[in-house]
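The shown structure was predicted, so the numbers you read here are calculated from the model rather than taken from an experiment. Here is the naming used below: chain letters follow the sequence lines, and residue numbers restart at 1 for every chain.
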Amino acid sequence: MAQYYSDFVMEHFTNPRNVGELEDANGVGEIGNAKCGDIMKMYIKVEGDRIVDIKFKTFGCGSAIATSSIATEMIKGKTIEEALKLTNKAVVEALGGLPAHKIHCSVLAEQAIKAAIADYYKRQGIDPTPIVGEIQDHHEEACDI
Amino acid sequence: MAQYYSDFVMEHFTNPRNVGELEDANGVGEIGNAKCGDIMKMYIKVEGDRIVDIKFKTFGCGSAIATSSIATEMIKGKTIEEALKLTNKAVVEALGGLPAHKIHCSVLAEQAIKAAIADYYKRQGIDPTPIVGEIQDHHEEACDI
Amino acid sequence: MDRLIYVDNAATTRILPEVLDKMMPYLTEQYGNPSSLYSFGQNARQAIDEARDTVAKYLNCRSDEVFFTSGGSESDNWAIRMAAHMLEKKGKKHIISTAIEHHAVLHTLNALEKQGFEVTLLPVNEYGLISIEDLKNAIRDDTALVTIMFANNEIGTIQPVAEIGKICRERGVLFHTDAVQAVGHIPVDFSGMNIDMLSLSAHKFHGPKGVGALIVRKGIRLPSLIEGGAQEKGRRAGTENTAGIVGLAEALKLSCEKMDEVIPSIKAKRDRLIEGILKTVERSRLNGDPVHRLPGNANFSFEGIEGESLLLLLDFKGICASSGSACTSGSLDPSHVLLAIGLPHAIAHGSLRITLSDDNTDEDIDLLLEVIPQIVSQLRSMSPVWEKIVKGEKYE
Amino acid sequence: MDRLIYVDNAATTRILPEVLDKMMPYLTEQYGNPSSLYSFGQNARQAIDEARDTVAKYLNCRSDEVFFTSGGSESDNWAIRMAAHMLEKKGKKHIISTAIEHHAVLHTLNALEKQGFEVTLLPVNEYGLISIEDLKNAIRDDTALVTIMFANNEIGTIQPVAEIGKICRERGVLFHTDAVQAVGHIPVDFSGMNIDMLSLSAHKFHGPKGVGALIVRKGIRLPSLIEGGAQEKGRRAGTENTAGIVGLAEALKLSCEKMDEVIPSIKAKRDRLIEGILKTVERSRLNGDPVHRLPGNANFSFEGIEGESLLLLLDFKGICASSGSACTSGSLDPSHVLLAIGLPHAIAHGSLRITLSDDNTDEDIDLLLEVIPQIVSQLRSMSPVWEKIVKGEKYE
Ligand SMILES: Cc1ncc(COP(=O)(O)O)c(C=O)c1O
Ligand SMILES: Cc1ncc(COP(=O)(O)O)c(C=O)c1O
């Protein structure tokens, strides 16, 4: 049977890892909007400089859910510094590729993680911008980022 | 098996009646030209006011040959007056119909007979025009008549 | 997956075995070119002539008004583009259509706009119906063409085609209808409804893919979109797809002959599905008109979830459904049809189209009623949007 | 009639059983819409992707340069009409073609002329070949497109396509070739021959009718002829004819793989036919180039007779042949191709085209060599033109 997505994407889509809310999260980031059809919300729990736990909730297409799942897996247990190095390319590679017009989902995942880390810093009273950089979000006018 | 022409047309095409030259013809008419892809030549033998024999030679498509054949059959043994009443419509009807763009073949047959009768009158020193009328022939510019 | 539950019959349909049987000779020994003089070619010619008569019979038009094409898209493009070019010469550069047409119509209109045509897209109400008053008001002296679909491919809404036809005829404006979703499913009466041009596509009514027709009222000198040989009376060039044409006619015949019997039975199944879903799934709604609706069509929106992931999970259960037009699956924007009936973007994203055929059984409906609510709540449980809805928060 | 001797393979060909076998799943259980997300649709998607790769492989182009269409006529219309409109915007309104193109090209050019384009039709020599010098001289600063057929459908003459491609590339002019009669019959190398756009049609090489392709070099932003859904990367709308596309690819593969073996064997049969006819039938001639010629093509003229009646009598013997393009059988004018190579009207009327395929046997040739001379003399015996010829009289 042929599939729209690769087996690996489907595996992460149908059995997403780290799905749900994190009660004791100390950083929460949300990216995207319902108008564009994709929202990713990431909950992280940082201890020291390490992301000891991470969960996500995602509204979106199969690849949005799959990238959320794999991205959280790639981040969990990593230091913030390592997490900030996660690029959307790495996420796509980890999934074994995505259809061309679904690449934006991996960008969302990267940005959602950055948003959660930025939130963590903000809660610590630290300006996140020098560390995390600007976070791109969907704009009303253009759903593609 | 479906056919381009009706069975009756095919019958006259494959077994054309009265084909050939008439040695002792006293009227010969030729209509059409090779450029247009249709030439009919009719030989008649008139005795008294009656066409006692008729033969044709035709260069042209299946319907040209079939209309020549049936037209000669319809004329043979008839008086000149009767022969002049033969219309292309009657020829088409006798054949049980022709494809629309082949109707011109029946006009050729009608005209070829008129031409042969006109030739007969000319040979008798009689001006044929008042009796036979104008004979339409293919013009160089337009192959359809 | 045990069994395939195919409920995407608006996307395409199964070729009926009887239809394929009729096609087979023309895919095997009867391969003659219908334009050839010899009997072997004339056999194919005869089959095409008979197919033309069949189409004419079931759509109530003349045989010489039927022109075979490669499908609905070609028919739409041909009718609209070439009618526009024909009437442009008379100074008519205005076209009226609706906001919910298929892309084959809308994109053709876009192309014409770039060439200087003015296009008025009539709005539709919450059920997807145009207003006859709007149409009357939109017609101008320079209106070349009204093109309004017979029935919508996403929400199944059926337009008042006979009324539209009457008005266009009275006002002397050409009327084309994209009847791709209607033909073979509901009664279509070309002459009786005062239609000037009508598009249809065989694969939407259990015929083969890649063949359709444009019906053009006698007297309309529509220029060719595809020029060349003398096929289709010189109006549509290209060696005829004999097998496809024969299949189209047979499928149309079978669909029309059993229509009276099939419509109530499909409707009953569909209505049970609609009632069941709306009752079991909170914050769900039916899109499209409850009454003026294609018999097999059910289109739902579920708040808080996104359609593609819904489809993928249905696929896992062997259920083939759609989240809008199958043609637009490359796009990120929610369906223009759902937006036109006033759905907010976020809700439009969460739509599901189920389109039944005569093949679908009561067991299929049972399964859908079991599986859809499960999947919806599974997706909602991981949806940040649903979280907001539950908390009574605003979301766009 | 005992047996059918089909020698009209330029009109259309038999679908090979292997090709139909490959098509059958897509005419039966695998009916999913290739644009649908679910696996059932993706099976069809995959089949189309594979077909595209196959076409790319055998024509030496990229897969993303292959666009499936409904046949040769659509491909020709699309390439020429839309390239013209695209380049018109850059002020280029001149098109170069030849006097012997298929009507799908010539009629499209006529339509463009009415829209203000200027068309130069290159003449051909007595063998049907264009002169490269003429082409070079015809190219102007405002030349938008050169469209020259790869091989002629009536007389089989093969143009120097690689040379034409080289010149067009050097001069920066788009080059389209109607390769409908070439593909699957002789080697065609899209990239190597510097072709920009190429039309092909499956039913000319033992594939199904109603499916073809246009190959468009990457980077050329050819606008769509058929607008609508996102099929074919948004360049050619319409639900894909999966079975047809799969059949096209399989037929191309089979034809190309056995080409090296088939060409000499067909040529040998054809040459025996040509020699035999020219020797037995007085006042007969071969039309087309003796060397640069499609392997299966033999085109004769017989003075003093007319082609249609010749075909009908051949049909009676079970022989399917043609007297020019099958598409033009509605016309009274002799073939524009035969006139372009300088035949007088009267002789052009008396032409016979025999086009062999791999199916034809040595016995078929024997029969043709027996029957054709018989029928020619039967018709001559009742021809007033032949009478004149025999008497040495003039005839036009
Ligand atoms: C040279 C040539 N071009 C174009 C065509 C048109 O192809 P189709 O009939 O498949 O549209 C043909 C055959 O009819 C042809 O021989
Ligand atoms: C309403 C409507 N119009 C046009 C089309 C196009 O038909 P096809 O895909 O056969 O070209 C479709 C289906 O895709 C449709 O549903």
Q) Under the side-chain contact (heavy atoms from CB on, under 4.5 Å) test, which residues partner D/Ala84, sequence neighbours left out? A) D/Ile95, D/Leu112, D/Phe117

(Q) Below 4.5 Å, heavy-atom pairs only: which of D/Gly210, D/Pro208, D/Ser70 has the largest tally toward chain C? (A) D/Ser70

Q) Do D/Arg14 and D/Asp359 sit within salt-bridge range, that is, some charged N less than 4.0 Å from a carboxylate O? A) yes

Q) Under a 4.5 Å heavy-atom cut-off, does chain D meet the side chain of C/Ser224, its backbone, both or neither? A) backbone

Q. Quick one: what part of C/Asn77 sits under 4.5 Å from any heavy atom of chain D, side chain, backbone, both or neither?
A. side chain

Q. So, the side chain of D/Glu306 versus the backbone of D/Ser309: is there a donor-acceptor pair under 3.5 Å, distance only?
A. yes

Q: Considering only heavy atoms and a distance below 4.5 Å, find which of C/Val105, C/Thr13, C/Thr242 pairs most often with chain D.
A: C/Thr13

Q | Taking every non-hydrogen atom, the tightest pair across C/Gly229 and C/Ala237 | A | N-CB, 3.4 Å

Q) Is chain C contacted by the side chain of D/Leu225, its backbone, both, or neither, given a heavy-atom distance below 4.5 Å? A) both

Q) With only heavy atoms counted, which part of D/Glu240 is less than 4.5 Å from chain C, the side chain, the backbone, both or neither? A) backbone

Q. Can D/Asn33 and D/Phe40 be said to form a side chain to side chain contact (heavy atoms under 4.5 Å, CB included), step by step?
A. CA-CA 8 Å; D/Asn33 189 317; D/Phe40 183 58; over 6 Å; no

**Q.** Region of C/Ser201 in contact with chain D, defined by heavy-atom distances below 4.5 Å
**A.** neither

Q) What is the minimum heavy-atom distance between D/Ala10 and D/Lys204, and which atoms define it? A) O-NZ, 2.9 Å

Q. Can you name the side-chain contact (heavy atoms from CB on, under 4.5 Å) partners of D/Ala79, sequence neighbours left out?
A. D/His176, D/Met197, D/Leu214

Q: Under 4.5 Å, counting heavy-atom pairs only, tell me which of D/Pro223, D/Cys320, D/Gly32 racks up the most with chain C.
A: D/Cys320

Q. At a heavy-atom separation under 4.5 Å, does D/Thr69 approach chain C through its side chain, its backbone, both, or neither?
A. neither

Q: Counting only heavy atoms closer than 4.5 Å, note whether D/Ala321 contacts chain C via side chain, backbone, both or neither.
A: backbone

Q. Out of C/Leu16, C/Leu312, C/Leu27, which one racks up the most heavy-atom pairs below 4.5 Å with chain D?
A. C/Leu27

Q: Take C/Ile15 and D/Tyr31, measure what side chain to side chain contact (heavy atoms under 4.5 Å, CB included) needs, and give me the verdict at the end.
A: CA-CA 7 Å; C/Ile15 300 186; D/Tyr31 61 85; 5.7 Å; no

